[in-house]
Amino acid sequence: MHVDITLPDGSVRNYESPVTGYQIAESIGPRLLKDAICVEIDNKFQDLSFEISENINVRIVTTKDLDALHILRHSSAHILAQAVLNLYPNAQFGVGPSIENGFYYDFLFETPIKENELENIEKEMKRITKSAQKFVRSEITKKEAVKIFKNQNLKLELIESAESDEGVGEEIVSTYTNDEFIDLCMGPHVPSTSVLKHFKLTKVSGAYWRGNESNVQLQRIYGTSWFTKEDLDQYLIQQEEAEKRDHRKLGNELDLFTSSEELGSGNFLWKPKGAVLRDVIESYSKKAHLQNGYSLVNTPHIGKSILWETSGHLDHYSENMYPPINHEENNETYYLKPMNCPFHILVYKNDLHSYKELPLRYFEFGSVYRYEKTGVLHGLLRLRGFTQDDAHIFCSTDQINDEVKTLLSFSVNLLGSYGLTEIEADLSTKPKKYIGSDKDWDNATNSLKQSLTELEVPFQTAEGEGAFYGPKIDLHAKDAIGRRWQLSTIQIDFAQPDNFDIEYVNSENKKSRPVMIHRALLGSVERFTAVLLEHYAGNLPGWLSPIQIDVLTIGNVNEYAQTIIDDLKSYRVNLDDRNIRLGEKLHNSEKSKTPIQIIIGEKDASSNTMAVNIFGKENMKDVDYKRAINSIKKSLKEPEFSLDG
RNA sequence: GCCGGAGUAGCUCAGUGGCCAGAGCAGCCGACUUGUAAUCGGCAGGUCAGGGGUUCGACUCCCCUCUCCGGCUCCA
């Protein structure tokens with residue numbers, strides 16, 4: 001018997017049947033055999049030892065392949081479990097997949113392990129990889145599996161619940177064995193433990209069994225694993241780079257914001273420089289909104305309970321709301337607002353609206369308060385009190401299409417103005433539980449999809465992830481080191497207009513119900529500030545920087561300095577005229593990441609020149625006064641906002 | 001909320017079951033009058049997160065609370 005194997009280049013090779021991936025790779029070349037990790041047969045990954053006995057397409061997956069990294073990491077997870085069980089024979093082991101940049105495995109230890117034990121586990125892993133054990137796949141019956149894993153309760157649970165991901169079918173269970181170690185697994189795996197060379201255990205943390213809060217909490221050990229030392233090193237360096245960019249660290253170093261034990265979790269205090277930064281960010285956005293058909297509204301921080309009953313927040317969102325504020329004398333209950341929409345609806349309701357007014361767009365920097373669980377708080381990225389650049393658009397159903405398109409383009413351009421130009425979207429569609437008609441959902445979802453397509457925003461569809469009241473688009477921006485941050489959200493809402501019974505008078509003089517679009521583009525000003533700080537590693541572009549220019553003097557040139565400052569009075573200028581060396585002034589200016597330094601001494605005063613350092617550009621000396629001022633103004637210019645840009 | 005780790009001067013960090021807890025930077029005072037990346041000297045600065053307990057003695061050991069860090073869960 002012979003089989004015809006078709007390779008990715010279209011060539012067909014003929015082999016004795018059955019043939020394995022090994023044999024195919026070997027027949028093509030020794031180099032390929034050396035780099036081979038697994039095979040892809042008919043879109044399914046299999047071990048190199050998998051026997052092929054039909055005419056089929058086969059691709060040899062090598063270490064160069066992105067798919068191979070997942071397999072490497074999956075195998076790394078196995079060896080982690082093997083090492084842990086060797087060292088802690090009474091540990092229970094759960095599941096261990098490959099994840100972005102690495103892998104993890106979940107364990108239940110008799111006594112919780114500590115981070116410093118990772119070193120030892122890593123050592124045992126090294127021993128296992130050096131001994132070059134083969135990964136051997138076998139299929140056994142559930143009965144046999146139950147016998148083998150009789151002391152492993154977590155595995156028994158997996159066997160009983162038939163998780164195909166974990167190698168458990170209706171009757172047959174797939175396992176991998178190397179040395180004494182056996183685990184449930186679909187595979188494939190790298191051929192031998194010796195393929196693992198460049199890995200590192202990174203941290204240990206808690207994780208709920210099967211991701212369910214009400215289940216037992218396991219200990220998760222994380223690691224990273226790569227084919228080459230260079231890749232591993234690069235990853236570790238990138239981690240360090242991310243740490244340097246941490247907005248919490250930068251916020252402290254640059255004097256932007258602080259927190260306080262007395263203040264409590266989830267809120268920050270903005271220091272003068274940070275407040276300026278926020279204000280610049282907000283002002284720019286506000287201007288863009290006013291130029292693009294939005295009206296500014298302003299609403300308070302608390303509202304009576306009836307409001308939150310009507311909006312449904314007390315039914316659907318009370319877990320995330322701060323406890324009520326009771327005024328006993330008046331028998332009134334108030335709540336801090338977790339969202340701005342009910343207030344904007346009240347503004348809308350105050351007037352009778354004609355179809356001629358629509359779409360009506362109400363915009364506000366609205367501070368909201370959500371009682372987030374302590375464990376999720378994270379610097380400015382996840383707060384209990386934060387400010388949304390929030391707007392609610394009231395429009396007719398047939399305006400949704402145009403409105404969403406305008407909005408999407410507005411958002412992409414706005415984010416781009418701040419320097420975030422790589423945008424990707426998630427489109428969340430109708431969930432199982434929803435309100436409104438299928439027709440409305442389809443139309444709205446199509447509007448969103450069509451806008452994304454027309455504006456060429458790359459997007460993924462998250463089926464069933466929409467809110468119960470309408471579909472949504474989330475925009476993510478990629479930062480300078482490739483991290484993805486969720487920023488904008490655009491949500492169509494069929495529910496609130498009903499809840500509040502809002503209306504407009506249509507062209508036939510009949511009452512009609514508008515649709516609402518909720519949208520926040522920066523998301524939260526606090527969060528957005530943090531993202532910008534991390535994106536720019538603290539080196540904010542000139543127009544955003546809290547201090548834009550440091551004027552550094554040498555000797556007594558105060559009069560000349562004053563002339564310069566007067567000519568730059570619409571900018572944020574700081575004068576350092578202390579009697580210290582220039583080197584120290586430069587050092588301080590550098591540390592505060594001021595984008596422009598003007599250096600003037602008596603020489604400059606007499607020749608009407610200055611030295612100018614512009615961050616990221618060359619340092620210039622003896623620059624003519626006018627030319628210097630012009631080039632400074634040019635480099636501090638805020639980006640023009642236009643929807644075509 | 002859960003698991004694990006941590007909290008020492010304004011900041012970054014040393015340190016020990018036992019005399020008065022240290023350094024650098026920042027601050028203040030003085031000298032230096034400075035041209036491209038930290039000038040020198042001095043001074044001051046701490047209820048060792050807060051509270052309780054064990055002990056002859058606690059910053060150190062135990063318990064509780066607060067805050068932070070890494071995750072999990074959550075994220076209209």
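Please read all numbers here as calculations on a predicted model, not as lab measurements. Every chain is numbered from 1 and lettered A, B, ... according to where its sequence line falls, protein lines coming before strand lines.
With rounding to the nearest 0.5 Å, the separation of CG in A:L448 from CG in A:L408 is 8.5 Å. Taking CD of A:Q152 as the reference point, atom CD of A:Q92 lies at 4.5 Å (rounded to 0.5 Å).
The partner of B:rG70 is B:rC3, by the rule that a Watson-Crick or G-U pair needs both atom distances under 3.5 Å.
Of the candidate nucleotides B:rA76, B:rU36, B:rA38, B:rA38 has the atom lying nearest to any side-chain atom of A:E584. Each of B:rG70, B:rG1, B:rC75 was ranked by its minimum atom distance to the side chain of A:K373; first place goes to B:rG1. Comparing atom distances between the A:E261 side chain and each of B:rG70, B:rA49, B:rA76 picks out B:rA49 as nearest.
Put simply, CG on A:N619 is 7 Å from C1' on B:rU36, counting in whole angstrom units.
Between the side chain of A:Q217 and the base of B:rC2, a donor-acceptor pair under 3.5 Å is found.
Side-chain N/O atoms of A:N340 and A:H392 include no donor and acceptor closer than 3.5 Å.
If you take atom C1' in B:rA44 and the same atom in B:rG10, they sit 13 Å apart, rounded to whole Å. With both ends at atom C1', the span from B:rC74 to B:rG17 equals 43 Å, rounded to whole Å. Going from the C1' atom of B:rA49 to that of B:rC66 covers 8 Å, rounded to whole Å. Going from the P atom of B:rU60 to that of B:rU54 covers 14 Å, rounded to whole Å. The same atom, C1', is picked in B:rA9 and in B:rG24; the two are 12 Å apart, to the nearest Å. Taking the P atom of each, B:rC56 and B:rG51 are spaced 23 Å apart, rounded to whole Å.
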